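Computed over heavy atoms, backbone and side chain alike; hydrogens, waters and symmetry mates excluded. Computed from a predicted model, the values in this text were never measured in an experiment.
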Amino acid sequence: RYFAVATAEEGVSLRRLGIGGSILVLTGILPFEEEALLEYGLTPVVHSAAELAWLDRVAARRRRRLRYHFKLDTGLHRLGSCAGWEDARRAIGAATHCELEGLMSHLASSESFGDGSFEGQVAAFDLACRRLEPLLGPAAYLHLANSAAVLYGRRSAWKSMVRAGLALYGYVAAAAGPAPPPLAELRPALTWKARVLAVKTVAAGETVGYGGTFRAAADARVAVVSAGYADGYPHALGNRGSVLVDGQTAPVIGAVSMDLLTVDVSGLREPARGESVTLLGAEGRARIDARELARRAGTIPYVILCGIGARVARVYV
């Protein structure tokens, strides 16, 4: 019944696909997006008193009443009002054409235990909620918990709604400090596959890929796979990544190209042209997950999961 997106454009896409319910635009509405806000019934997150005043003028001109969520900056120091609850109360009270549907904030380090940052943000949010309670309706949403706050049982942040992100893919951020075990065991929910375009022999001493970063020590059978950094497979995984071929691990050799990977399948059952290999997921007991790819690429699992490009076909099961 309730969806959250990053941008107005994403919200419009959901509406055009027939998605009903509420759609919260987390990064707010820019001045040139106000028509989309009204036409598609999007609910913006408002990040300042000035932004709320502008939104109220928009609603007054259109003779509409708009729902919104007000975001408080409790320590992340990114988006959100950091002027204090007093200024927020004045701005909310002055916006007569807008309906406050929720208060929210964003945790900076919900997976960190022992440094007090989580507790400080929750305390600041709770204080603001108490001060602003007279302006909130009985069904207003209060929310700041993310996946880690849910999975590590940090119930003080749960409020009336939580915003699960990474957990939807079956992952949770690694905890720092004296953390309890997660409340649930998650399994990766996403598998990424790509097709083999060709298999060829590379003679000993020959190089593979741009820059010749891989040189064959012996004759090798090399599969060319239809995925590359334009699809979101990190360039940093050249000579570091691996894929699964028929339940066996096969190393990525040479540089990752825009549209192609080269994989050493010597000694394995040779994949046929058109056969799929697994870039992310499991085949039998063999597994490659986003954490492992991120570690090899020197990044974080979010980058791997969010980076899978739009031209990669999605199959929902």
Participant: Consider only side-chain N and O atoms of H143 and R163, and report whether a donor and an acceptor are under 3.5 Å apart.
Facilitator: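 Yes, because at least one side-chain N or O of H143 sits under 3.5 Å from a partner of the opposite role on R163.
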Participant: Looking at E86 and R131, does any basic side-chain N land under 4.0 Å from a carboxylate oxygen?
Facilitator: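 Looking at R131 together with E86, the answer is no, because their closest N to O distance does not fall below 4.0 Å.
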Participant: Inspect the contact between R61 and E34 and indicate whether a charged nitrogen and a carboxylate oxygen are less than 4.0 angstrom apart.
Facilitator: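 Yes, charged N to carboxylate O under 4.0 Å.
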Participant: For a 4.5 angstrom cut-off between non-hydrogen side-chain atoms, does F70 reach L132?
Facilitator: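 Side-chain contact under 4.5 Å: no.
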Participant: Are the charged groups of R295 and E292 less than 4.0 angstrom apart, N to O?
Facilitator: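 Yes, this pair counts.
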Participant: Would a 4.5 Å heavy-atom cut-off, applied to side chains only, mark V224 and V196 as touching?
Facilitator: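 In short, these two side chains do not touch, never coming nearer than 4.5 Å.
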Participant: Report yes or no: does R296 contribute a side-chain atom to a donor-acceptor pair with the main-chain N or O of R240 at less than 3.5 Å?
Facilitator: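 Confirmed, R296 side chain pairs with R240 backbone.
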Participant: Using a strict threshold of under 4.0 Å (side-chain N to carboxylate O), is an ion pair present between R154 and E119?
Facilitator: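 Looking at R154 together with E119, the answer is yes, because their closest N to O distance falls below 4.0 Å.
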Participant: Using side-chain heavy atoms (C-beta onward) and a distance below 4.5 Å, is V45 in contact with V25?
Facilitator: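 V45 vs V25: side chains apart.
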Participant: Salt bridge or not between D231 and R311? Use side-chain N to carboxylate O under 4.0 Å.
Facilitator: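 Yes, charged N to carboxylate O under 4.0 Å.
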Participant: For the residue pair V199 and P271, what are the closest heavy atoms and their distance?
Facilitator: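 Closest pair (atom of V199, atom of P271, distance): CG2-O, 3.4 Å.
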Participant: Can the positive tip of R291 be found less than 6.0 Å from the middle of the six-membered ring of Y171, inside 45° of the ring normal?
Facilitator: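 Ring-cation test returns no.
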Participant: I want to check something: taking the side chain as every heavy atom from C-beta on, are V277 and L244 in contact at a cut-off of under 4.5 Å?
Facilitator: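 Side chain of V277 against side chain of L244, heavy atoms only: no contact under 4.5 Å found.
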Participant: Kindly say whether A203 contributes a backbone atom to a donor-acceptor pair with the side chain of E206 at under 3.5 angstrom?
Facilitator: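 Side chain of E206 to backbone of A203: a pair is present.
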Participant: Would you call E10-R15 a salt bridge at under 4.0 Å N-O?
Facilitator: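 Answer for the salt bridge query: no.
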Participant: Looking just at side-chain N and O atoms, do S81 and S48 make a donor-acceptor pair shorter than 3.5 Å?
Facilitator: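 There is no such pair between these side chains.
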Participant: Tell me if the CD atom of E9 is crowded by more than 12 foreign heavy atoms within 6.0 Å.
Facilitator: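 Counting other residues, nucleotides and ligands, CD of E9 stays at 12 neighbours or fewer.
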Participant: So, W192 side chain and L305 main chain: donor-acceptor pair closer than 3.5 Å or not?
Facilitator: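 Absent.
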Participant: For V46 and I29, what are the C-alpha separation, side-chain angles and deciding distance, and is it a side-chain contact (heavy atoms from CB on, under 4.5 Å)?
Facilitator: CA-CA 8 Å; V46 175; I29 301 292; over 6 Å; no
Participant: In terms of relative ring orientation, are Y2 and Y141 parallel, tilted or perpendicular, with 30° and 60° separating the classes?
Facilitator: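 Correct class here is perpendicular.
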Participant: Do L37 and L66 come within less than 4.5 Å of each other through their side chains, counting heavy atoms only?
Facilitator: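 They are in contact (side-chain heavy atoms under 4.5 Å apart), so the answer is yes.
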Participant: Please evaluate residues F125 and K159 with respect to the criterion side-chain contact (heavy atoms from CB on, under 4.5 Å), reporting the C-alpha separation (whole Å), side-chain torsions for both, the decisive distance (0.1 Å), and the verdict.
Facilitator: CA-CA 11 Å; F125 185 72; K159 311 308 177 189; 4.2 Å; yes
Participant: Ignoring hydrogens and geometry, is there a side-chain-to-backbone donor-acceptor pair from N239 to G254 under 3.5 Å?
Facilitator: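 Yes, N239 side chain to G254 backbone: donor-acceptor pair under 3.5 Å.
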Participant: Where the side chain of E283 meets the backbone of D246, is there a donor-acceptor pair that is under 3.5 Å apart?
Facilitator: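 Looks like yes, one N/O pair under 3.5 Å.
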Participant: Decide, yes or no, whether a salt bridge links R62 with E35 under the criterion of side-chain N to carboxylate O below 4.0 Å.
Facilitator: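 Salt bridge between R62 and E35, a charged N being under 4.0 Å from a carboxylate O: yes.
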